[in-house]
Amino acid sequence: MIKIKNINLKLDDTITCGQIFRYTKEIDNSYTVILSDRVVNLKMDECDLIIKSNNEENLEFIIRDYLDLDRNYELINKKIVEYDNEFKLIVDECTGFKIIHQPKFECLISYIVSQNNRVSMISKVLDNISRKYGKEVIFEGKIYYLFPTIDEIKDCTIEDLRQLKTGFRDKYIYEIINKINNNEFDLNLIDDMDSENALKYLMSNKGIGEKVASCILLFSYFKTDVYPIDTWVKKYMKDTYNIDSIKDIRQYTNNIYKEYSGLCIQYMFHVKRNKSWHK
DNA sequence: CCCCAGGTCGTCA
DNA sequence: TGACGACATGGG
C-alpha cells in the first residue's frame with residue numbers, strides 16, 4: 001500500500017464519468033481499475049489517495065501519470081474562467097476532475113467500440129475481449145484480465161470478434177489490429193504529430209471518425225485542443241446556447257476556450273451526463 | 001414494438 | 001458538401 005498525500009482529486013467523478021470503461025466500485029467505496037500491466041485499487045481518505053496493487057513496482061509514478069496528478073489544473077481552470085466567466089459554475093463543479101491517461105491500444109479499441117453504443121455495453125465488450133485474449137491477474141483473491149497486447153490478439157478472426165459482441169464494429173477492429181500487426185499503422189507515431197495531422201492519421205482507418213479520433217487524442221495523448229463532440233455535448237450546447245451543428249459547436253469552443261477546448265468539452269459532457277442540476 | 005446509445009460508412013442527389 | 005438510412009446489440 002502506498003499513499004499520495006494532500007491532493008485535489010475527485011476520484012468518483014474521474015473514474016465513473018465515462019472516460020474509462022473497466023473499473024469496479026467496491027463496497028468500501030474504493031475503485032478497482034485495470035491498467036495496462038496491473039490491477040490497482042484506489043481510495044480517497046480525506047485528501048489522501050490510498051493505492052494498492054498486485055504490483056507495487058514504480059506504482060506512484062504510474063498512478064501520477066494515469067490520473068494526471070502532475071498537471072496544474074488549478075492554473076488551467078483559472079485560464080478557462082478568464083476565457084469565459086460564465087463557465088465558472090461548470091469549472092467549479094469540475095474541480096478535482098482529471099483526464100485519465102489511458103493506454104493507447106486499449107483506448108483505440110475502446111472508442112471504436114463506443115460508436116453508437118452504450119457505456120454499459122462498451123464495458124461488457126471490452127471485458128469479453130480481455131477475458132478471451134488478455135493475461136490473467138490475481139489481486140486480493142479475485143481474478144482480473146488485462147487488456148490484450150497486439151501480440152496476444154493479432155490472430156483473432158472477425159467471427160471471434162463478433163462473438164464477443166462487438167457488433168457491426170467487428171470488421172473495424174479486425175482491420176486495425178492487422179494494420180498494427182503488419183506495421184502499416186503505428187500508434188507511437190502520433191506522439192510527434194500535431195493534432196491536425198494526428199486526426200487525419202487516425203481517421204484514415206475505417207471505423208474511426210472525428211469523434212472517436214478526438215477521444216483517442218484527448219485520453220491517450222493529452223491533446224487538449226481536440227474536440228470530442230458527442231450527443232451529450234450537443235445537448236449541452238443546444239440547451240445552453242441553442243447551437244446545433246458540430247461545425248458551429250467546433251467554431252464556438254475554438255473561439256472561446258482555445259487550447260483547452262478538449263478539457264472544456266469534457267467538463268460539459270461530465271456535467272450534462274452526470275450532474276442532475278444541469279439536466 | 002419503438003427508441004436510443006460518448007458515430008461512421010456508403011450512397012445518392 | 002450535405003442529407004439519410006443501415007448497422008449489432010441490449011436496455012428502457
Side-chain angles (χ1 to χ4, degrees), chain A residues 13-23 90 94 97-104 106-129 131-132 156-177 179 185 199-224 226-240 243-251 253 261-276 278-279:
Chain A
D13 287 355
T14 299
I15 299 287
T16 66
C17 75
Q19 50 181 335
I20 58 167
F21 304 103
R22 302 185 69 219
Y23 66 87
I90 307 285
C94 294
F97 177 90
K98 310 285 185 184
I99 301 283
I100 294 183
H101 198 178
Q102 304 187 28
K104 293 169 189 169
E106 176 172 354
C107 187
L108 171 79
I109 302 299
S110 300
Y111 282 93
I112 290 177
V113 170
S114 81
Q115 67 180 262
N116 201 21
N117 213 344
R118 213 167 285 220
V119 170
S120 59
M121 194 60 195
I122 302 166
S123 304
K124 194 187 275 180
V125 170
L126 296 173
D127 192 52
N128 289 343
I129 292 174
R131 276 172 194 276
K132 183 162 168 82
C156 70
T157 65
I158 293 192
E159 293 72 31
D160 290 333
L161 293 169
R162 177 58 68 91
Q163 218 167 26
L164 301 174
K165 306 298 178 192
T166 52
F168 63 91
R169 312 158 194 86
D170 56 359
K171 50 190 178 293
Y172 304 145
I173 298 169
Y174 179 80
E175 266 181 46
I176 200 151
I177 285 174
K179 276 168 102 172
F185 183 77
L199 277 174
K200 272 189 207 154
Y201 186 57
L202 280 165
M203 288 167 65
S204 68
N205 298 287
K206 285 240 159 41
I208 301 182
E210 195 171 17
K211 157 70 175 54
V212 168
S214 301
C215 282
I216 296 167
L217 290 180
L218 181 60
F219 296 135
S220 273
Y221 297 88
F222 275 155
K223 299 200 183 289
T224 54
V226 293
Y227 319 73
I229 297 167
D230 76 314
T231 45
W232 293 101
V233 174
K234 282 182 202 159
K235 273 178 201 161
Y236 177 90
M237 294 303 281
K238 172 74 180 160
D239 295 352
T240 313
I243 297 176
D244 267 313
S245 76
I246 290 186
K247 206 180 125 202
D248 292 342
I249 294 173
R250 189 166 303 282
Q251 193 177 18
T253 50
S261 298
L263 187 58
C264 290
I265 289 276
Q266 187 60 27
Y267 286 173
M268 289 174 201
F269 167 80
H270 175 50
V271 167
K272 194 68 182 172
R273 176 178 181 265
N274 303 318
K275 300 290 171 182
S276 54
H278 204 286
K279 279 180 182 157

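All chains are named by letter (A, B, ...) in the order of the sequence lines, taking the proteins before the strands, and each is independently numbered beginning at 1.
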*What is the distance from CG of A/N274 to P of B/dA5, rounded to the nearest Å?*
15 Å
*Scan A/K234 against the nucleic acid and name what it touches under 4.0 Å (heavy atoms): base, sugar-phosphate only, or nothing.*
nothing
*May I ask you to say what A/K211 touches in the nucleic acid, namely base, sugar-phosphate or nothing, with a heavy-atom cut-off under 4.0 Å?*
base
*Between atom NZ in A/K247 and atom P in C/dA3, what is the gap in whole Å?*
10 Å
*Hey, does A/Q19 reach any base, or is it just sugar-phosphate, or nothing, if we go heavy atoms under 4.0 Å?*
base
*asked:* Between the base of B/dG6 and the ring of A/F269 - centre-to-centre under 5.5 Å, planes within under 30° - is that a stack?
replied: yes
*In whole angstrom, give the distance that lies between atom OH of A/Y111 and atom C1' of B/dT8.*
17 Å
*asked:* By the 4.0 Å heavy-atom rule, please label A/Q163 as base, sugar-phosphate, or nothing.
replied: nothing
_Consider side chain to side chain contact (heavy atoms under 4.5 Å, CB included). Of A/I229, A/D230, A/V233, which one does A/I246 pass it with?_
A/I229
*A/R22 side chain vs A/S123 backbone, donor-acceptor pair below 3.5 Å*: no
*Under 3.5 Å, is there a donor-acceptor pair linking the side chains of A/N128 and A/K165?*
no
*Which one, C/dA8, B/dG6, C/dG10, comes nearest to the side chain of A/F168?*
C/dA8
*Are A/R169 and A/N117 close enough that some pair of their side-chain heavy atoms sits under 4.5 Å apart?*
yes
*How close or far is atom P of B/dT8 from atom CD of A/Q115, stated in whole angstroms?*
6 Å
Polar atom pairs (N or O), protein with nucleotides 9-13 of chain B, under 3.5 Å:
unit_1: B/dC9; atom_1: OP1; unit_2: A/G207; atom_2: N; d: 3.1

_Strictly distance-based, threshold 3.5 Å: is any side-chain N or O of A/S220 a donor or acceptor partner for the main-chain N or O of A/L217?_
no
*May I ask you to evaluate whether A/K235 reaches the phosphate of B/dA5, defined as a side-chain N or O under 4.0 Å from OP1 or OP2?*
yes
*So with a 6.0 Å cut-off around NZ of A/K206, is the heavy-atom count from everything else above 12?*
no
*Within a strict 4.5 Å, meaning less than it, do heavy atoms of the A/K238 and A/D244 side chains meet?*
yes
*Check every atom of B/dG6, C/dG10, C/dT9 against the side chain of A/C215 and return the nucleotide holding the closest atom.*
B/dG6
*Any donor-acceptor N/O pair, A/S261 side chain to A/T253 backbone, under 3.5 Å*: yes
_Using OP1 and OP2 only, check whether a side-chain N or O of A/T231 sits under 4.0 Å from B/dG7._
yes
*So what does A/V125 hit on the nucleic acid, given a heavy-atom distance under 4.0 Å: a base, only sugar-phosphate, or nothing?*
nothing
*asked:* Can you classify the ring geometry of A/F185 versus A/Y201 as parallel (below 30°), tilted (30 to 60°) or perpendicular (above 60°)?
replied: parallel
*Could you work out the separation of B/dT8 and C/dG10 based on their P atoms and round it to a whole Å?*
22 Å
*A/K171 side-chain proximity, nearest of C/dT9, B/dG7, C/dA8*: C/dA8
*To the nearest Å, give me how far apart CZ (A/F21) and C1' (B/dA5) are.*
12 Å
*Could you check how far CG of A/L164 sits from P of C/dG10, rounded to whole Å?*
12 Å
_Side chain of A/D230 (C-beta onward), nearest among B/dG7, B/dC4, C/dA8_ = B/dG7
*Nearest nucleotide by nearest heavy atom, which residue falls closer to the 5' end of DNA chain C, A/G167 or A/K124?*
A/G167
*asked:* Rounding to an integer number of angstrom, what distance separates B/dG6 and C/dG2 when you compare their C1' atoms?
replied: 24 Å
*Please work out if A/R169 contacts a base, only the sugar-phosphate, or nothing of the nucleic acid, heavy-atom cut-off 4.0 Å.*
base
_Whole angstroms only, please: what is the CG-C1' distance between A/D170 and B/dT8?_
14 Å
*Over how many whole Å does the gap from A/E175 atom CD to B/dT8 atom P extend?*
15 Å
